[in-house]
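Pasting a structure below so you can have a look.
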Amino acid sequence: MNKVDVLLGLQWGDEGKGKIVDVLTPKYDIIARFQGGPNAGHTLEFDGIKHVLHTIPSGIFREDTLNVIGNGVVIDPVIFQREIEKLAPFNIDVKSRLLISNKAHLILPTHRLLDAASEQAKGKSKIGSTLKGIGPTYMDKTGRNGLRVGDIFTPNFKEKYDQLVEKHVGILSHHDNFEYDLAELEPAFFEGIELLKSLTTIDSEHYLNNALKEGKTILAEGAQGTLLDIDFGSYPFVTSSNTITAGTCTGLGVAPTRIGNVIGIFKAYCTRVGSGPFPTELHDGIGEKIRKEGFEFGATTGRPRRCGWIDLPSLKYAIMINGATELSMMKSDVLDNFETIKVCTHYEIEGKKIDYLPFDIKDVEVNPIYEEVKGWNCDLTKLTSFDDAPQELKDYVAYLEKHLEVPITTVSVGPDRTQTLTNKH
Ligand code: GDP
Ligand code: IMO
Ligand code: MG
């Protein structure tokens, strides 16, 4: 029986997951999202066109691939409808190529309102949520109040909806100075529900396990990143789902023994969007330069991303938690114009040198300890083979592999599908 391979982010999201899933898709029969929702923004670029997907798996543009939205995902019918509409010019038969779990939870307009009200109430200590209603929807899921895709086919769906909305309106009434107009938001929601009804909904756990039995190949596409994981991220500045390999099991209904390769993906440096600790963050001209060269602005919210040097203690942690078997290094070309590149190997906290993320990371001053590596200082974007890469890039990759103890099999040198190099081992 085949196994499910997993591709996920090892940092704070936006590592380039969409691009690599698109590159790997020809090797797989099925691409499946297992957690998160429209807080994700996955960018794919080919034939001169840039696509950003939020809920739909990144295999949707390849003709022979099926795409599954698993039970662990949360779906906003409004954003989902817009995503589907954006695919219209590409003549994709969405009904046959996209399968949606009956058990995926629905984001209601009031979930979005609750997200905004909660952030407003937190003031300065806000999470920096994408305001897509992710937290409140997962809260209703674990609180056993949620509505699922399968519910939309039941005759009393509207009744269930009204009941949950009543509860939300009650909570919102406790938020001072929070104004909203629910009646304005509801028509788009119910339009989205009608669209969902017209698509293919399935019991995806059966579908995927049967597919494995039949010898089909599956790639699970992570959203967000390990350092935003609800259990292992920089809590409370995290998202509300398990973004790690284990999330694949619960988010798709595949057993741990059915997990195959785990591809961990990271940038040649580091970014974060939203609040929370970021030990290697650069507040100077170098951070600004990385943001500019890497065009580091959120694919979902357009917010500028915070930028800094690569952070090995956090990467080692993420590799451990996920059991990564291979790595992809992204956006190497963004460091094309640096004489030297810094790598954080340890942290110093109150005079002590450590190489792990401390529990109280958000409350203590963390000083990153750096080693310097020589930069390649040339244009990588035209490279077609890793063999032809400048020695300094090869040295950087080898240096990281030595510390991380996992092979870096892919090196990305630009946003396009074709700008992807294989590092043979
Ligand atoms: P995801 O959320 O992990 O899928 O990543 P995002 O799409 O949010 O952000 C990654 C951004 O970097 C997108 O704009 C990609 O087009 C771009 N990108 C991906 N790989 C590379 C690369 O190797 N070089 C450059 N310059 N850009 C890249
Ligand atoms: P992809 O899949 C980067 C961040 C938000 C915020 C925190 C909580 O594109 O890598 P949420 O809306 O989930 O309640 O926000 O998590 N965040 C992301 N950052 N990439 C993402 O997704 C993210 N999804 C959420 O900025 O700090
Ligand atoms: Mg993104």
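Remember, predicted model here, so these are calculated numbers, not experimental data. Order of listing sets the numbers, starting from 1, for every ligand and every atom in it. Numbers here are sequence positions counted from 1. Just the heavy atoms: all of them, side chains too, but no hydrogens, waters or symmetry mates, feed the values below.
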| message | Looking at Lys331 and Glu296, is there a salt bridge between them, counting it only when a charged N and a carboxylate O are closer than 4.0 Å? | response | yes
| query | Exactly which residues line ligand 2, taking a heavy atom under 4.0 Å from it as the test? | reply | Trp12, Gly13, Asp14, Lys17, Asn39, Ala40, Gly41, His42, Ile127, Gly128, Ser129, Thr130, Ala223, Gln224, Leu228, Val238, Thr239, Val273, Gly274, Arg303
| request: For the pair Phe190 and Tyr161, name the ring-plane relationship: parallel under 30°, tilted 30 to 60°, perpendicular over 60°. | output: perpendicular
| message | Counting non-hydrogen protein atoms only, what is the nearest one to atom 24 (N) of ligand 1? Give residue, atom name and distance. | response | Asp333 OD1, 2.7 Å
| Neighbour count above 12 (heavy atom, 6.0 Å) for Lys86 NZ | no
| field | Contacts of the Mg ion (ligand 3) with protein N/O/S atoms, counting only those under 2.8 Å | value | Asp14 OD1, Gly41 O
| task | Decide whether the shortest distance between a heavy atom of Gly13 and an atom of ligand 1 is less than 4.0 Å. | result | no
| Main-chain N/O of Ile286 paired to Arg291 side chain as donor or acceptor, under 3.5 Å | no
| field | Atom CG of Asp181: over 12 foreign heavy atoms under 6.0 Å | value | yes
| query | Please walk me through it: do Lys126 and Glu119 pass salt bridge (Lys or Arg N to Asp or Glu O under 4.0 Å)? | reply | CA-CA 5 Å; Lys126 69 175 184 182; Glu119 285 285 81; 5.8 Å; no
| Which residue and heavy atom of the protein sit nearest atom 23 (O) of ligand 1, plus the separation | Ser412 OG, 2.5 Å
| field | Test of ring centre spacing under 6.0 Å for His54 and Phe80 | value | no
| request: State whether the side chain of Asn423 and the backbone N or O of Thr409 hold a donor-acceptor pair below 3.5 Å, judged by distance alone. | output: no
| request: Mark the output for Gly9 as yes if a heavy-atom distance to ligand 1 is under 4.0 Å, and as no if none is. | output: no
| request: Considering only non-hydrogen protein atoms, determine which one is nearest to atom 4 (O) of ligand 1 and report residue, atom name and distance to 0.1 Å. | output: Gly18 N, 2.9 Å
| query | Is it true that the side chains of Gln224 and Thr243 contain a donor and an acceptor less than 3.5 Å apart? | reply | no
| remark: Under 4.0 Å between heavy atoms, the region of Lys19 that gets near ligand 1 turns out to be side chain
| Of all pairs that satisfy side chain to side chain donor-acceptor pair (under 3.5 Å), the ones with a partner from residues 384-394, not counting sequence neighbours | Gln391-Asp395
| query | Which atoms of ligand 1 sit under 4.0 Å from any heavy atom of Val413? | reply | 23 (O)
| field | Residues Thr217 and Asn2: side-chain donor-acceptor under 3.5 angstrom | value | no
| Mind checking what makes ring-ring contact (aromatic ring centres under 6.0 Å, His included) contact with His111, not counting sequence neighbours? | His168
| query | Among Thr43, Asp14, Ile265, whose heavy atom sits nearest atom 13 (C) of ligand 1? | reply | Thr43
| query | Can we call the ring centroids of Phe237 and Trp12 under 6.0 Å apart? | reply | no
| request: Tell me, please, whether Tyr396 has Lys374 positioned over its six-membered ring: NZ or CZ under 6.0 Å from the ring centre and within 45 degrees of its axis? | output: no
| query | Can you tell me the protein heavy atom closest to atom 6 (P) of ligand 1 and the distance? | reply | Gly41 O, 3.5 Å
| said: Looking at every heavy atom in both Ile107 and Phe189, which two are closest together, and how far apart are they? | reply: O-CE1, 3.5 Å
| Can an N or O of Met330 be found at a distance shorter than 3.5 Å from an N or O of ligand 1? | no
| query | Please state which protein non-hydrogen atom is closest to atom 11 (C) of ligand 1 and give its distance, to 0.1 Å? | reply | Lys331 NZ, 3.7 Å
| task | Mark up the atoms of ligand 1 that fall under 4.0 Å of a heavy atom belonging to His42, in ascending order. | result | 1 (P), 2 (O), 4 (O), 7 (O)
| query | Could you walk me through whether Lys19 and Asp416 pass the salt bridge (Lys or Arg N to Asp or Glu O under 4.0 Å) check? | reply | CA-CA 8 Å; Lys19 166 177 167 165; Asp416 194 86; over 6 Å; no
| Gly414 heavy atoms, cut-off 4.0 Å: which ligand 1 atoms fall inside? | 20 (N), 21 (C), 22 (C), 23 (O), 24 (N), 25 (C)
| query | At under 4.0 Å between heavy atoms, which part of Val52 makes contact with ligand 1: side chain, backbone, both or neither? | reply | neither
| field | Arg417 to Phe46 six-membered ring, cation-pi geometry met (6.0 Å, 45°) | value | yes
| note | Among Arg305, Met329, Glu45, the residue with a heavy atom nearest to atom 9 (O) of ligand 1 is Arg305
